[in-house]
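Here the structure is laid out as structure tokens; the discussion comes afterwards.
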There are 2 protein chains.
Amino acid sequence: MATGASSRPPRPAVLPEPARKRYHHGDLRGALVRAAEELLEEVGPDRLTLREAARRAGVSHAAPAHHFRDLTGLLSEVAASGFEGLAGAIASSAAAAHAAGEDELSATGRAYFAFALAHPGLFQLMFRSQVIDMSAPRLDAASSAAFAAFADAARASGEVGDEAGGDPLARMATLVRNWAMVHGLAFLAIDGRLAGMLPDGATLAALTEAILAPAPAKTPAGV
Amino acid sequence: MATGASSRPPRPAVLPEPARKRYHHGDLRGALVRAAEELLEEVGPDRLTLREAARRAGVSHAAPAHHFRDLTGLLSEVAASGFEGLAGAIASSAAAAHAAGEDELSATGRAYFAFALAHPGLFQLMFRSQVIDMSAPRLDAASSAAFAAFADAARASGEVGDEAGGDPLARMATLVRNWAMVHGLAFLAIDGRLAGMLPDGATLAALTEAILAPAPAKTPAGV
DNA sequence: GGAAGTATCTTGACAATGTCAGGATAAGCA
DNA sequence: TGCTTATCCTGACATTGTCAAGATACTTCC
């Protein structure tokens, strides 16, 4: 029909964004994950939509099916990368605390909380097993790694005495208690449940800092 | 047409269930709330559907609109009654502990956790502000009452020293720390996050009991 | 008692969603 | 070059929440 040149559609010579209108996206998988992460923070996990993610990636509504089995597949991938980020944040905060001679467990708790507050929608998604597929290999590995990083920090801080004596159940109880406290605090803060209980003119940051600052352990009064 | 009696439609003399096929349901509002509670436990808050609730109540898909503004309205009502139940469970467990000379805070923590495990879907809904309307009067009042019951128990147990000295922020921090721990533990348990970290052959009940049993406070070792 | 008014429920429609089937296009490989 | 495969699109379907308009039953007022 048109010219005999090799380029069939009138492709513009200059592409403003990395590959604009070509049939093959190039990195649709990554673009969908990024779009989903955006949506997660803009509208939350409840209003996130596969079609809107496709729209933002500049692609038809059925295109994602070639990269993810379904919506659960995409969300599981996003959650997996979220857990990887969380594991990294925990590990690096523990290392920094160790270098500074501070308590590792307290530092990782603050890192955990900060991560949740920085990515509320993603954090909520990461703990919504009915929407993601926890048996997905990468997600399973990433979530395990995140908890392992937390457990390592607890061991390093001496909070979970692993040298002798203490039976495994009691040690695990101490570990999980710390985890649950930080996790619950993050969830309550994200959901806006702490706003209503700030004494007089106290800020939310002050309250959470007062909760997280001291090693949440048992220390004989004084000292 | 038919007989001249007052009953127009051929209404069966015996109604197997309380009012079967009449145009006006009688208690559609309550029936919808019950149907939603059922669905909450069967499929969870993510797959709960307004149309399915209407179906279970034996009513058309648009009928709920005359009793609840929209899906959020129905869910807010369900969440409100959930908080009322939670507040009751907390208060009664605290009273029982007081009578038995046990620690009130520990008892309420176990009651909180037990409530969450007994009604997982409802509990998740109660802490999903993007799906319910926290400004709904009844919901707002009920959630405040639940927290107030928890705070009362903490005060009674002496965990939150309200007599003198301690500044309000520190007292609130202790209170919220206890709440967050129990809340996080409940969420993690419901989401199946604790199953993977049971030492050898320990059961989940044993682990959670080990976490909740001692007053999660600072007690000088011994005694 | 009967008529008017209101609360309650139904039917039908709309846009939006997730998913599937089948066709079009581009890339890779022989 | 021609074939195969990966990638993407169009179109369709059932389902959802919500709205509009009509049908039905209850209430109230004369």
Protein-nucleotide distance ([X], atom [atom1]; [N], atom [atom2]), rounded to Å:
X	N	atom1	atom2	result
B:F68	D:dG17	CZ	C1'	16 Å
B:R69	D:dC19	CZ	C1'	13 Å
A:R51	D:dT10	CZ	P	12 Å
B:L50	C:dC9	CG	P	14 Å
A:H66	C:dA21	NE2	P	12 Å
A:E52	C:dA16	CD	P	11 Å
B:L32	C:dT8	CG	C1'	12 Å
A:R47	C:dA16	CZ	C1'	14 Å

Between B:S76 and B:D133, do the side chains contain an N or O donor and an N or O acceptor separated by less than 3.5 Å?
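Distance-only check fails for B:S76 and B:D133.
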Distance alone, cut at 3.5 Å: any donor-acceptor contact between the side chains of A:R193 and B:S143?
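No.
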Closest to side chain of [X], choosing from [options]:
X	options	result
B:A62	D:dC19, D:dC8, C:dA13	D:dC19
A:H61	D:dT10, D:dC8, C:dT10	D:dT10
A:S60	C:dT19, D:dT10, D:dT18	D:dT10
B:A63	C:dT19, C:dT10, D:dT18	C:dT10

Between B:E42 and B:R47, is the closest basic N to carboxylate O distance under 4.0 Å?
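No, this pair does not count.
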SB check B:E209 B:R110 (cutoff 4.0 Å):
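A salt bridge is present here (some side-chain N lies under 4.0 Å from a carboxylate O).
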Is the shortest side-chain N/O distance from [X] to OP1 or OP2 of [N] below 4.0 Å?
X	N	answer
A:T49	C:dA16	no
A:H67	D:dC8	yes
B:R55	D:dT16	yes

Where along residues 123-131 of chain B does a heavy atom come under 4.0 Å from DNA chain C, residue by residue in number order?
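Output list: empty, so none.
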Inter-residue atom distance A:T49.OG1 - A:R56.CZ, 0.5 Å rounding:
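Atom-to-atom, A:T49:OG1 and A:R56:CZ are 11.0 Å apart.
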Is a side-chain donor or acceptor of A:T108 paired with a backbone partner of A:I90 at a separation under 3.5 angstrom?
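No: the side chain of A:T108 does not pair with the backbone of A:I90.
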Strictly distance-based, threshold 3.5 Å: is any side-chain N or O of A:E37 a donor or acceptor partner for the main-chain N or O of A:V78?
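Not confirmed, A:E37 side chain does not pair with A:V78 backbone.
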